[in-house]
Amino acid sequence: MTSSLILSIVTFIYGLSAFFYIFAWIFRNTATSRLATGTAFLAIFGNTMGIALRWMESYRLGIGHAPLSNLYESLIFFAWTIGVIYIFVERKHRNKIIGAFTMPLAFLTMAYASMSPNISDRIQPLIPALKSNWLIAHVMTCFVGYAGFAVAFGTSAMFLFKKKDSEAESTLISRFPAAATLDELTHQMVTFGFLFLSIGIITGAVWANSAWGRYWGWDPKETWSLITWFVYATLLHARLMRGWHGKRIAFLSIIGFLVVMFTYFGVNYLPGLHSYGSSG
Amino acid sequence: MAEDRGSSDLFKQIWLFFASVKLTVTVLLTLAATSIIGTLIPQNESPAAYVNAFGDFIYRIFYILDIFDMYHSWWFQFLLLLLATNVIVCSVERLSATWKIIFTENPKFNPNQFTGQKEKEKYVTGCSLEQTQKRYAPYISKLFNYNRIESLDDGYRILAEKGRWTRLGVYTVHLSVLLLLTGGLVGSFFGFEGFVNIPEGETVSSITLRNTGQKKPLDFSIRCEDFDVQFYDTGAPKEYRSSLTVIEGGKPILKKDIIVNDPLRYRGINVFQSSYGTLSPKEVTLSFKSQSTSMVYMKTAVKGNAVEIPENGGEFIFQDYRNSFDFRGHDLGEVFLGTLKSPDGSNANVILPKRFPEFDKMRKSRWLISVTDAEYRYYTGLQVTKDPSVWIVYAGFIIMILGCFITFFMSHQRIFIEVLEKGKHRAVLVSGTSDRNKLGMNKKIKTIAQELTRLGEV
Ligand code: HEM
């Protein structure tokens with residue numbers, strides 16, 4: 001069995017898990033919610049195996065390298081981190097409704113990686129610029145950070161729904177965790193993401209310095225990661241200002257995640273870009 | 001007097017303006033928003049390209065606003081300066097209060113702060129005051145490194161805390177931001193970024209600066225002994241490798257093979273592999289086929305020098321190389337140009353396309369000349385930089401990571417346990433505060449209360 005096949009199946013399992021989480025939330029079905037967690041574990045396990053197998057396959061092809069070198073591989077890793085972080089949150093806060101808002105993100109990521117015609121799942125050899133341990137550290141930390149922001153995006157959205165329905169008219173929303181818990185969770189996930197984004201930008205800078213002799217060059221990708229960092233730094237400080245609790249923080253977290261998505265996917269559509277792939 | 005007050009009021013207002021978090025949020029959002037511009041409009045291209053794209057009028061406005069090099073523009077630098085001032089003033093403003101909290105012998109515990117807390121645990125126990133104290137105190141002192149016991153008329157309190165110093169975390173994060181800004185500034189004054197192309201076997205001692213295009217002499221010379229490029233089967237590049245020698249005072253000082261991600265560093269100057277190209281060959285191996293005897297002779301021709309042709313055939317001079325050549329509307333690709341001097345004194349111009357060995361048949365002469373091999377030379381493209389401030393920046397990186405870790409995952413936690421006589425029982429109240437992660441602290445108080453309850457069972 002090839003890693004690509006395993007990962008296609010994993011996509012399906014993530015989808016199933018997301019479906020179970022949503023079903024369990026809407027119909028308040030404990031059996032399904034247990035099933036949801038079970039499938040989530042299965043998906044993460046399969047995801048792990050897929051990544052490991054892909055790594056081994058690359059060695060069999062004689063071009064061995066960690067599977068973090070192109071868009072496909074980064075998406076697979078991104079989905080994995082979202083899954084793992086979510087499971088931690090679920091264990092810690094004993095609330096499975098958050099799964100209905102984060103598992104779909106893991107599923108969409110995998111689905112995009114597996115199905116988009118623009119993304120090749122071929123194992124490619126590394127071009128010279130990408131042969132650096134800093135690159136591995138860079139990609140891993142960035143995506144752990146992004147995954148933290150993704151979960152924060154989910155909890156912020158839940159927070160806004162909860163606030164909108166303060167009278168608890170909707171039974172669906174009344175099952176959410178308390179608004180204060182969601183707010184605190186958002187903050188925790190943002191701080192977690194901010195730490196890893198900072199490390200990601202830093203390892204990227206060290207890598208750039210080892211490959212091209214400059215740690216910062218205002219390349220569009222670099223600049224957009226800095227913009228992301230500014231947005232989340234704003235969020236951390238906005239909390240200290242009077243009147244900036246709750247809703248506005250949730251909005252900032254949602255804007256922040258949109259910026260993350262642009263940094264990840266959108267930058268390639270900017271004009272006059274020289275991507276990392278081609279330089280060096 | 002009144003004027004004095006006025007000016008100190010003004011100073012105070014300015015000070016508070018720079019100490020405010022509102023300014024931080026404004027500046028950070030402005031930086032985020034304006035940074036987008038430079039990613040939409042490609043930076044540092046030629047003026048002609050911009051006029052072409054935007055028209056004369058908009059070009060002028062953008063030019064005045066430094067949009068074409070916006071990250072180094074006065075207004076962007078001003079925003080960074082504002083951020084730096086903000087960080088400094090804000091930290092100075094708060095540090096003394098934090099300092100007092102951290103470096104005190106006897107931390108103050110305000111009982112109302114704890115008894116008024118929303119999340120607290122209460123229970124009663126049958127144990128006596130002394131018994132509870134004997135059991136509780138060691139447990140708490142294991143969890144918190146500072147603790148003390150205060151006696152009350154009808155009971156006692158255990159006050160404990162830990163992680164006071166973690167309040168400094170935020171200051172280290174802010175310090176790291178200052179280090180990064182300083183490093184960037186120092187680097188822009190005392191560093192440079194340039195490039196140089198060195199043909200294999202040749203030596204250079206100056207480079208071209210990237211932003212101004214000026215030549216800059218180095219204190220030493222660099223010779224490229226050899227350049228090599230390897231490809232994967234797919235055609236993608238696998239490795240670029242230059243063998244370099246640093247020469248100082250006519251003597252070779254240092255030899256190193258550099259590849260991408262593994263530069264040469266010498267006297268604060270870094271030399272990086274960044275590109276390569278081919279140079280026109282200086283030598284070509286030619287085959288001369290005699291049409292009369294059918295003999296084939298191989299000769300190596302060096303550019304500009306004459307080679308003697310056997311069978312008393314005269315001589316051939318390799319004049320020039322072109323990597324494309326138009327012949328009656330057809331591109332012949334790479335060609336070698338030369339002159340054939342016959343013994344009778346007549347000269348013929350010869351065109352030798354590398355791709356078409358039979359091409360020379362067209363001349364219908366005694367010799368059919370074709371190219372068998374050419375000695376190509378590479379040049380290596382090197383990026384040459386110096387940044388004496390990179391250590392300031394790297395120190396900033398490390399401090400930022402440490403500071404963020406301390407700030408986000410550690411906290412100053414205080415706990416308050418009050419045990420009072422209440423009829424036949426002792427009433428216990430467990431409460432606590434933390435400067436961050438309140439949710440985690442509430443959980444911790446619950447766990448501690450549970451454990452104390454268990455310890456207090458008779
Ligand atoms: C790019 C610049 C900056 C970065 C990266 C940064 C980073 C941080 C971080 C990570 C925190 C901790 C937030 C949390 O606990 O969730 C923080 C807190 C804080 N920052 Fe900044 N900061 C920056 C600029 C500033 C500036 C200019 C000010 C000036 C007013 C400022 C004032 C504060 C204050 C007052 C706190 C709260 C301290 C506390 O909780 O005791 N920051 N900053």
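The chains referred to below are lettered A, B, ... by the order of the sequence lines, with proteins before strands, and numbering in each begins at 1. Since this is a predicted model, take the numbers as computed values, not measurements.
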Can you check whether [X] reaches [Y] side chain to side chain, under 4.5 Å on heavy atoms?
X	Y	result
T385(B)	W212(A)	no
Q188(A)	N437(B)	yes
F409(B)	L195(A)	yes
N261(B)	W134(A)	no

Straight-line distance of [X] [atom1] to [Y] [atom2], nearest 0.5 Å:
X	Y	atom1	atom2	answer
C404(B)	L197(A)	SG	CG	10.0 Å
F196(A)	I401(B)	CZ	CD1	10.0 Å
I201(A)	M400(B)	CD1	CE	9.0 Å
K22(B)	L240(A)	NZ	CG	14.0 Å
S198(A)	F397(B)	OG	CZ	10.5 Å
L439(B)	D183(A)	CG	CG	10.0 Å

For W229(A), is it the side chain, the backbone, both or neither that has a heavy atom under 4.5 Å from a heavy atom of chain B? side chain

Step through the shown structure and confirm whether more than 12 heavy atoms of other residues, nucleotides or ligands are within 6.0 Å of NZ on K238(B). no

So with a 6.0 Å cut-off around NZ of K247(A), is the heavy-atom count from everything else above 12? no

Do any N or O atoms from the side chain of K438(B) and from the backbone of E184(A) form a donor-acceptor pair under 3.5 angstrom? no

Determine yes or no for a side-chain-to-main-chain donor-acceptor pair under 3.5 angstrom, with Y71(B) supplying the side chain and G217(A) the backbone. no

Using side chain to side chain contact (heavy atoms under 4.5 Å, CB included) as the criterion, list what pairs up with N44(B), not counting sequence neighbours. D69(B)

Sequence neighbours excluded, the answer for side chain to side chain contact (heavy atoms under 4.5 Å, CB included) partners of Y276(B) is F227(B), V229(B), F231(B), Y240(B), Y378(B)

Under 4.5 Å, counting heavy-atom pairs only, tell me which of I36(B), T407(B), V271(B), V27(B) racks up the most with chain A. I36(B)

In terms of heavy-atom pairs under 4.5 Å, which option from T26(B), L29(B), T24(B), N270(B) contacts chain A the most? L29(B)

Proximity of W218(A) and F76(B) rings by center, below 6.0 Å: yes

Please verify the inter-ring angle class for F194(A) with F408(B); under 30° counts as parallel, over 60° as perpendicular, anything in between as tilted. perpendicular

Does N209(A) form a side chain to side chain contact (heavy atoms under 4.5 Å, CB included) with Y394(B)? I'd like the steps, not just the answer. CA-CA 11 Å; N209(A) 196 33; Y394(B) 278 22; 2.9 Å; yes

